[in-house]
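For the single chain, residues carry numbers from 1 onward in sequence order.
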Amino acid sequence: MMLARVADSLYWLGRYIERAEHLSRLSSVMLNATLDQTDSGMQAVWIALSAVGDDGAGKVSPFEAARALVLDRSDPNSVVSSLTMARENARQVRDQITTETWERLNVLYLRVTDPGAEAEFADNSVSYLHDVIADVHLFKGAADATMSHGESWRFMMLGMYLERAQLVSSLLEVCFAQAPSREIHDHLALVSLLRMACALEPYLRVYTAEIEPRHILEFLVFDEDFPRSIRFATSRIEEHLTALARHVEAAGRAAPERLAGKLKARLQYADVDELETIGAGALLTTVVNECARIHEAIYETFVAYPLELRLPA
């Protein structure tokens with residue numbers, strides 16, 4: 001079993017990378033949606049900002065809101081802050097990741113911390129965000145293609161998928177956990193939602209051009225093949241935790257793989273029609289809360305465990 005601090009750094013590296021990509025995509029879609037200055041565009045802005053806990057939509061321009069999400073160093077969740085923390089965690093475990101992975105992360109870090117980043121963002125924000133997202137994909141591809149798929153890689157993937165499950169659940173909560181009168185039905189706003197989840201083209205391949213709230217909810221929650229659905233993410237969480245659990249003795253403790261298995265089963269056997277009848281709010285809230293419990297159990301099992309549990313008898 002690897003050192004707790006190493007597991008912690010790799011886990012958070014995955015989380016920060018996923019957070020940076022998600023916020024970059026929210027910002028990009030938000031700016032694209034507001035180009036024609038319609039009510040649909042402003043609804044997309046509201047979805048994006050509400051998904052990150054910002055209820056100040058309308059107080060600042062969409063451009064300023066996007067700039068803050070990406071380049072505000074005082075915000076610990078911004079893209080620049082997330083990539084800075086990702087790089088610091090990677091630096092602490094440099095021997096656990098490959099040169100190719102480290103180089104791609106440095107490209108990302110230098111792009112968002114460059115003194116000219118503000119000017120580059122102001123000059124062409126959509127192109128800038130596209131490049132950031134593309135670099136994140138290159139980082140993930142390098143990690144998958146060059147790192148051994150052992151403990152180090154699994155801890156990083158675990159962090160990435162746990163972050164993804166929470167972020168997608170929070171995004172869907174904004175649109176589908178409200179009172180029926182607040183649910184999103186505008187066509188362009190729903191298209192923007194799919195783009196925020198990087199799901200428009202995969203969705204259209206399944207449902208053609210039928211952009212309906214019910215189908216969007218079904219696809220982003222229950223699709224077992226789409227890598228950004230909640231069901232797919234929770235299945236990968238359970239898979240990685242089950243593999244990692246073989247290296248530790250978790251008897252008498254809150255084994256995270258058991259919690260992940262329960263969440264996976266809940267999504268696997270959920271009734272879509274029943275969900276539509278009673279509303280999605282309860283399930284989405286459960287996913288967010290269970291992911292938080294899994295996070296705590298990961299720390300208890302792999303990071304903050306009592307030393308005597310790892311010492312030989």
Side-chain angles (χ1 to χ4, degrees), residues 1-25 52 69-70 73 75-113 131-168 198 227-228 232-234 236-241 243-245 247-248 256-257 260 291-292 294-305:
M1 182 63 196
M2 66 171 53
L3 292 174
R5 64 171 181 81
V6 175
D8 187 44
S9 291
L10 289 163
Y11 170 74
W12 278 106
L13 170 58
R15 294 201 69 149
Y16 283 127
I17 284 291
E18 186 67 22
R19 191 175 303 174
E21 181 186 352
H22 184 73
L23 287 181
S24 296
R25 184 171 289 105
V52 297
L69 286 177
V70 177
R73 295 177 184 243
D75 180 358
N77 293 315
S78 69
V79 174
V80 64
S81 296
S82 295
L83 290 177
T84 298
M85 291 304 299
R87 184 179 182 275
E88 176 58 22
N89 278 283
R91 186 190 64 79
Q92 294 176 16
V93 291
R94 176 63 185 85
D95 62 320
Q96 299 290 323
I97 62 176
T98 59
T99 297
E100 292 82 0
T101 307
W102 173 248
E103 288 175 348
R104 296 318 310 176
L105 182 54
N106 271 304
V107 168
L108 272 165
Y109 171 77
L110 292 173
R111 183 183 296 281
V112 297
T113 59
D131 289 343
V132 171
I133 294 169
D135 283 338
V136 171
H137 290 167
L138 288 172
F139 168 86
K140 291 179 177 179
D144 188 68
T146 65
M147 288 180 64
S148 295
H149 287 198
E151 285 183 275
S152 298
W153 177 79
R154 287 192 184 278
F155 272 113
M156 191 165 67
M157 292 298 104
L158 175 60
M160 186 186 77
Y161 281 113
L162 193 63
E163 184 76 13
R164 181 178 297 178
Q166 288 187 301
L167 291 172
V168 174
C198 198
R228 294 182 181 276
F232 187 97
T234 54
R236 300 292 81 73
I237 292 168
E238 190 268 343
E239 173 187 316
H240 292 308
L241 282 172
L244 290 168
H247 300 279
V248 299
E257 72 275 10
C291 284
I294 292 170
H295 168 78
E296 293 174 359
I298 288 170
Y299 258 69
E300 290 179 10
T301 303
F302 298 108
V303 180
Y305 52 79

List the atom of [X], the atom of [Y], and the distance in Å for their closest heavy-atom pair.
X	Y	answer
I294	A260	CD1-CA, 3.7 Å
P256	T301	CD-OG1, 3.2 Å
F302	A245	CZ-N, 4.4 Å

Show me the donor-acceptor pairs within less than 3.5 Å that the side chains of residues 152-161 make with the rest of the protein, sequence neighbours left out.
unit_1 : atom_1 : unit_2 : atom_2 : d
S152   : OG     : Q96    : OE1    : 2.4
R154   : NH1    : H240   : ND1    : 3.0

With sequence neighbours left out, write down each residue that passes salt bridge (Lys or Arg N to Asp or Glu O under 4.0 Å) with [X], or none if nothing qualifies.
X	answer
R5	none
R87	none
D131	R111
E100	none

As an exercise, state the distance from [atom1] of [X] to [atom2] of [Y], rounded to the nearest 0.5 Å.
X	Y	atom1	atom2	answer
L23	E18	CG	CD	10.5 Å
C198	I133	SG	CD1	8.0 Å
S82	D75	OG	CG	8.0 Å
L13	M85	CG	CE	11.0 Å

Pair L105-I17, side chain to side chain contact (heavy atoms under 4.5 Å, CB included): steps then yes or no:
CA-CA 9 Å; L105 182 54; I17 284 291; 3.7 Å; yes

Are the side chains of [Y] and [X] in contact, using a 4.5 Å heavy-atom criterion?
X	Y	value
F139	D135	no
I97	L10	yes
L241	I298	yes
T84	Y109	yes
L167	R164	no

Side-chain (D144) to main-chain (K140) donor-acceptor, under 3.5 angstrom:
no

Are the side chain of T98 and the backbone N or O of M147 linked by a donor-acceptor pair below 3.5 Å?
no

Establish, yes or no, whether the cationic atom of R228 lies under 6.0 Å from the six-membered ring centre of F232 and within 45° of the ring axis.
no

Sole residue of R19, H22, H295 in side-chain hydrogen bond (donor to acceptor under 3.5 Å, both in side chains) with E163:
R19

Report yes or no: do N89 and Y11 form a side-chain donor-acceptor pair below 3.5 Å?
no

Restricting to side chain to side chain contact (heavy atoms under 4.5 Å, CB included), what partner residues turn up for T99, sequence neighbours left out?
R94, E103

